[in-house]
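Heads up, the thing below is written out as structure tokens.
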Amino acid sequence: PRMMLKPMLINIYQRPQMIAMVFEWNRLLRQIDLRQGAAKLKNPMEDSVTGGGGVGTMMGTSTGQWEGKVLVTHVTNFSSEKLLDEYIPNSDQLQLTEHIRLKGRDTLEDRITIQDSQYFTRPWDVVLTYKRQSDRLFPFPEDICLDRKNAGELPLPR
């Protein structure tokens with residue numbers, strides 16, 4: 001969920017079998033696979049020697065389906081070496097369930113349930129709300145933390 005918490009722009013592209021989120025911060029990409037019953041794309045980080053458990057990734061592996069006008073996503077396969085936000089750790093057992101919906105023409109709501117039995121005694125929820133930005137902001141400007149670091153600034157904007 002860390003990328004969803006950043007106070008930076010997100011471009012969202014919808015196709016019949018995939019939703020892609022392109023983040024202004026470091027131009028990271030999140031893909032939500034919407035194919036039902038089809039063979040899912042194999043995560044290149046998975047190791048067939050370990051039975052497919054493999055190495056988790058920063059954004060995890062997202063699959064989703066539409067339930068009416070709500071996009072329900074399930075995210076697994078996270079790296080235990082990343083953080084949920086700027087401070088909270090997680091294990092490789094982290095699982096997220098999101099309910100993403102439009103609450104109006106210009107408001108997107110993301111209800112996230114976070115489960116990680118190695119760090120938390122029970123699942124917990126967070127609700128994020130995003131406002132649509134003017135089209136004049138796109139394409140968004142590049143934001144690379146190394147540029148700020150090289151300029152003597154903090155790597156992450158405050």
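Legend: ring pair (Phe, Tyr, Trp, His ring centres under 6.0 Å) pairs involving residues 88-128, not counting sequence neighbours, sorted by first then second residue: F120-W124. Judged as a salt bridge (charged side-chain N to carboxylate O under 4.0 Å, His left out), the pairs with a partner in residues 110-127 (not counting sequence neighbours) are, in order, E109-R111.
The shortest non-hydrogen separation linking M21 to I10 is CB-CG2, 4.0 Å. The minimum heavy-atom distance linking S62 with Q31 is given by the pair CB-O, 3.4 Å. Here the closest non-hydrogen pair linking Q115 and T97 is NE2-OG1, 4.4 Å. Between Q95 and T76, the shortest heavy-atom distance links the atoms CG-CG2, 3.9 Å. Heavy-atom minimum distance, S80 versus D92: CB-N, 3.6 Å. Scanning both residues, N90 and S79, for their nearest heavy atoms gives ND2-O, 3.2 Å.
In this view, K69 satisfies the side chain to side chain donor-acceptor pair (under 3.5 Å) rule with no residue, not counting sequence neighbours. Under the rule for a side chain to side chain donor-acceptor pair (under 3.5 Å), the partners of E98 that lie at least two apart in sequence or sit in another chain are R30, T73. Remark: L102 pairs with L108 by the side-chain contact (heavy atoms from CB on, under 4.5 Å) rule, at least two apart or across chains. Under the rule for a side chain to side chain donor-acceptor pair (under 3.5 Å), the partners of T107 that lie at least two apart in sequence or sit in another chain are K131.
Following chains of ILVMFWY side-chain contacts shorter than 4.5 Å, one can reach M8 starting from L28, so the two form part of one hydrophobic cluster. No chain of hydrophobic side-chain contacts below 4.5 Å, direct or via other Ile, Leu, Val, Met, Phe, Trp or Tyr residues, connects L96 to V127.
A donor-acceptor pair under 3.5 Å links the side-chain atoms of Q36 to the main chain of G64, judged by distance alone. Although no hydrogens or angles enter the test, the distance criterion places a donor-acceptor pair under 3.5 Å between the side chain of Y130 and the main chain of M4.
In the hydrophobic clustering (ILVMFWY side chains linked at under 4.5 Å, chained through shared members), V72 is joined by V70.
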